[in-house]
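Counting starts at 1 for both ligands and their atoms, following the listed order.
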Amino acid sequence: MSDTVDDVLETVAAVAPDVRGGLPGRRLTEAGVENPSGESVTAADVHADELFFEALGAIDGVAEFASEEREAVVDTGDGAPGEGDVAVAIDPLDGSSNLASNNAMGTIVGIADESLPAAGESLVAAAYVLYGPITTMTVAREGTVTTSVIDGGEARAVEEDVSLPDDPVVYGFGGRVPEWPDAFREYAREVESELKLRYGGAMVGDVNQVLSYGGIFAYPALESAPNGKLRLQFEGAPIAKIIEAAGGASSDGEQSLLSVEPTDLHQRVPVHVGNEAYVERLEAALAD
Ligand code: AHG
Ligand code: MN
Ligand code: MN
């Protein structure tokens, strides 16, 4: 299976430049469809999804492919996840609404050794690509995190054993203040008086700030959306895998995102990730 994980990660790195190269021509075009989460889809989302499906679905050892942009899991091989094969869950373009404003976006990938939807604990690896000033890929595998620069479709490791800084500096909270439940709003008020606001509207960019500087990112439960906005399979679990491997913590408000029971491929989950102290304070605040 380890060879297949290598193949998946190398393929993500190889496809990333084509995703990035396809952005300018799709900056303002809507695809005119909605994704299974009921959100409007940009042409850039569709393009990224097609590129990754074509490349990842062709890998021997990838038995299942699921994407934020596709209703159902696609069987792409004869094997079965967990019997030597893997399942890949992908957010092909994270933060795609940032394309119109030319701000950072990303790709998020979870590699599981059980059928999708899979619990985060079954992730054997997780990665995100950040389309920032530099295209980088951050991977959690076998308990450690490595950040690479993607150069000509090849990942060149630039930082091994990445860990969250001990002294938190930044925070970023999604949703709108009036939509936050009271307990979260009170927690946010405390955090605001301690850390600096860094919120860019793409989870990958905001989480990479937390991984780089220490702090907390959350897209919490909202009054109108008790499960928040982010999807467990395509955003919450893979990002939690990375932040926890980097020495941080994750929570849906009560437990690690890796322990959340998968019930639906597109289930949403409140997401809080970052330094353990801030995640523990969050859980205590919500428990009161
Ligand atoms: P996606 O583009 O894959 O749907 O993800 C967008 C998500 C996530 O990247 C980000 O944290 C969040 O939406 C931002 O939501 P708001 O626009 O409500 O801030
Ligand atoms: Mn996303
Ligand atoms: Mn997306």
side-chain contact (heavy atoms from CB on, under 4.5 Å) between Y278 and Y187, worked out: CA-CA 10 Å; Y278 276 98; Y187 167 78; 3.7 Å; yes
Determine, using the 4.5 Å side-chain heavy-atom cutoff (strictly less than), whether Y128 and Y199 are members of one ILVMFWY cluster. yes
Checking E280 now: which residues fulfil salt bridge (Lys or Arg N to Asp or Glu O under 4.0 Å) with it, not counting sequence neighbours? none
Mind running side-chain contact (heavy atoms from CB on, under 4.5 Å) on E261 and Q267 for me, showing each step along the way? CA-CA 10 Å; E261 183 67 28; Q267 80 192 75; over 6 Å; no
Taking the Mn ion (ligand 2) as the center, what protein N, O or S atoms are found at less than 2.8 Å? D91 OD2, D94 OD1, E235 OE2
Indicate every side-chain donor-acceptor pair of residues 42-65 with a distance under 3.5 Å to a residue at least two apart or in another chain.
{"unit_1": "T42", "atom_1": "OG1", "unit_2": "A44", "atom_2": "N", "d": "3.2"}
{"unit_1": "T42", "atom_1": "OG1", "unit_2": "D45", "atom_2": "N", "d": "3.0"}
{"unit_1": "T42", "atom_1": "OG1", "unit_2": "D45", "atom_2": "OD2", "d": "3.0"}
{"unit_1": "D45", "atom_1": "OD1", "unit_2": "S96", "atom_2": "OG", "d": "3.1"}
{"unit_1": "D45", "atom_1": "OD2", "unit_2": "T42", "atom_2": "N", "d": "2.9"}
{"unit_1": "D45", "atom_1": "OD2", "unit_2": "S96", "atom_2": "OG", "d": "3.1"}
{"unit_1": "D49", "atom_1": "OD1", "unit_2": "S67", "atom_2": "OG", "d": "2.7"}
{"unit_1": "D49", "atom_1": "OD1", "unit_2": "R70", "atom_2": "NE", "d": "3.3"}
{"unit_1": "D49", "atom_1": "OD2", "unit_2": "R70", "atom_2": "NE", "d": "2.8"}
{"unit_1": "D49", "atom_1": "OD2", "unit_2": "R70", "atom_2": "NH2", "d": "3.0"}
{"unit_1": "E64", "atom_1": "OE1", "unit_2": "L116", "atom_2": "N", "d": "2.9"}
{"unit_1": "E64", "atom_1": "OE2", "unit_2": "S115", "atom_2": "OG", "d": "2.5"}

Does R176 come within less than 4.0 Å of E179, counting only side-chain N to carboxylate O? no
Does D252 come within less than 4.0 Å of R268, counting only side-chain N to carboxylate O? no
Which parts of the protein, at residue level, reach under 4.0 Å of ligand 1 through a heavy atom? E39, E68, D91, L93, D94, G95, S96, Y199, G201, A202, M203, F217, Y219, K229, L230, R231, E235
Is it the case that atom CD in E154 sees more than 12 heavy atoms from other parts of the structure closer than 6.0 Å? no
Output yes when a side-chain donor or acceptor of R27 lies under 3.5 Å from a complementary backbone atom of L23, and no otherwise. no
